[in-house]
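Note that the structure is a prediction, hence the values are computed from the model and not measured.
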2 protein chains.
Amino acid sequence: MRPTLRFAAGCVNEPSVEAAARPMTTPALQKADSMSSVADNIALMKSRSLALLLESEMERMIMAGEIAPGDRINENQLALRFGTSRGPIREALRALEAGGLVELRPNRGVFVRRLSIEEACDIYAVRAALFGLAGRLCAARLGRAEVADLKRQVAAMEKAAKSKDFDAYYPLNLQLHEFIVDHSGNPVLASHYRDLVKLLHLFRARSLVQGGGLAISNGEHRDMVDAIAAGDGERAHQSHFDHVMRARERLMSAVRDLPAASEHKKATR
Amino acid sequence: MRPTLRFAAGCVNEPSVEAAARPMTTPALQKADSMSSVADNIALMKSRSLALLLESEMERMIMAGEIAPGDRINENQLALRFGTSRGPIREALRALEAGGLVELRPNRGVFVRRLSIEEACDIYAVRAALFGLAGRLCAARLGRAEVADLKRQVAAMEKAAKSKDFDAYYPLNLQLHEFIVDHSGNPVLASHYRDLVKLLHLFRARSLVQGGGLAISNGEHRDMVDAIAAGDGERAHQSHFDHVMRARERLMSAVRDLPAASEHKKATR
DNA sequence: GGATCGTAAACTGTCGACAATTGACAATAA
DNA sequence: TTATTGTCAATTGTCGACAGTTTACGATCC
């Protein structure tokens, strides 16, 4: 029988590692854990490889901030916590490193990547280029139905923006961007775009984006959708590119406005 | 004492795995292998980790075509060949997978990624977007000296193009693109661009690019450099973007012109 | 003869153990 | 006191072995 992978709850001190993964330890007994019983396990069996599981779980942990940028990741501790050996952990960390979420310092350990302002700035620019391309492609591809969908989304955001309901606006905003990228018809673009967005989560000052004019941002969304609706690739490109670049400016000016705190030590190297 | 890492020459049948890596097995004796003796070893010691070494070596092997797209990679065989255990090999493969060079099929093994025409097309588009951004940034950044350098490069290529000397043109072309990307001042952009170019090496029909009008291509280069020299970001973006997209069209039409052979089996899945 | 089933080899996934390195702390010397 | 050196615990890097899966091949049955 395979090792158990129980995500040993409470082994060390973890906030919320849910037993989202519990392969059939006893093939016979199967209480149907209230939530989907068999499908989950089958999916688990198919994933076939702790490393794959661990990779997504650790990515989640980093995204959720359970491990903060700059933190060192202890292999032994993780292995203990997940009830596995260090092998799969190391494999997962390698994959994460290639994605830039984590940094490998030989013989020292792996550290959650810490993004400098400059790097965040660079990432935004690349993201803008990709998003610009997504807009261009959408303008050439999207049909009436999809455009209507886009307009609906922008309208919903308009409402949230008017009432300054950031909690409602934020997920809608995310969804709109995802929609555009996913409907570009270019999976490579979508994948790279997502990677960049992930990386930006490591930027500690990210939360600053919040304040910045919901109405302004949504006005830009309207321009974007208009260009797509008109099938004007060039204009779509420009509006999409500018949208991200303006978001970058909003963030950067916010960062520079409160130069206090934050920037403790740069390049511990 | 550490394991030896001899890259056991001739163990299985490898064409050219040079003993580029030979850490100080006997700290005393050090014959100064004719080439840089100590520095190499120190660099090796610093890299500290077979996995890191293996990663670059295997990347090289894939790039050089020593393992062809679609081929399965046998961990045991590689371990034997390199004189290591499978652990570091697996770690290196994980990293390569995240870069898209290699594909992981659980319980089956890892396979060198095989790029479909569609994927290559998608990658070209993303590459165009990144290159467009690079052009835009260069237009805003480059000084007289760098522009002069660019013009020199284009002039050299002009000469090669006139005499249809592809072997001279190709490396210059590569160098020009590298130059622009590197001088964009955005390392994230440069890194992603390079990854895409690497991926394109997996496209079997890549060699078709060759025939396609050297003079035409270099004419586009001239436009690019002109825009950069003028400091016209918008025009630079457009010319750089178009340059890659036209290269894509040249490749794609070449592919479609000889529909024979090649496309054996799609999606063995 | 062709399809189904069972078996064995080959290989991947995982583990536990050991070797080497790092970083911290204590002891010593100036 | 301060700088240097020696030692030790903690942690990473690597290995060899075992368990489980896949796949190819041959035997059996229709």
Side chain of [X] (C-beta onward), nearest among [options]:
X	options	value
A/Asn76	C/dT22, D/dT11, D/dT22	D/dT11
B/Arg90	C/dG13, D/dT23, C/dG23	C/dG13
A/Arg72	D/dT22, C/dG13, D/dT11	D/dT11
A/Leu50	C/dC15, D/dG13, D/dC15	C/dC15
A/Thr84	D/dT12, D/dT22, C/dC15	C/dC15
A/Pro88	C/dT14, D/dT11, D/dC15	C/dT14
A/Asn107	D/dT14, D/dG13, D/dT11	D/dG13

Calculate the interatomic distance between [X] atom [atom1] and [N] atom [atom2]; express it in whole Å.
X	N	atom1	atom2	result
B/Ile89	C/dC11	CD1	P	14 Å
B/Glu91	C/dT12	CD	P	16 Å
B/Phe82	D/dG16	CZ	C1'	20 Å
B/Arg105	C/dC11	CZ	C1'	15 Å
B/Glu55	D/dT14	CD	P	13 Å
A/Glu75	D/dT14	CD	P	11 Å
B/Arg86	D/dC15	CZ	P	12 Å
B/Leu52	D/dT12	CG	P	15 Å

When rounded to the nearest 0.5 angstrom, what is the spacing between OG in A/Ser85 and CG in A/Leu80?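 Here the interatomic distance stands at 12.0 Å.
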Where the side chain of B/Asn186 meets the backbone of A/Asp122, is there a donor-acceptor pair that is under 3.5 Å apart? yes
Short side-chain to backbone donor-acceptor contact, A/Arg72 and A/Arg108, under 3.5 Å: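 Judged by distance alone, yes, a pair lies under 3.5 Å.
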Under 4.0 Å between any heavy atoms, over every strand shown, what does A/Ile73 touch: base, sugar-phosphate, or nothing? Just pick one. sugar-phosphate
Salt bridge or not between A/Arg60 and A/Glu57? Use side-chain N to carboxylate O under 4.0 Å. yes
So, B/Glu178 and B/Arg194, do they make that salt bridge, N to O below 4.0 Å?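 Counted as a salt bridge, because a side-chain N and a carboxylate O are separated by less than 4.0 Å.
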Establish, with yes or no, whether the OP1 or OP2 oxygen of C/dG23 is under 4.0 angstrom from a side-chain nitrogen or oxygen of A/Arg108. yes
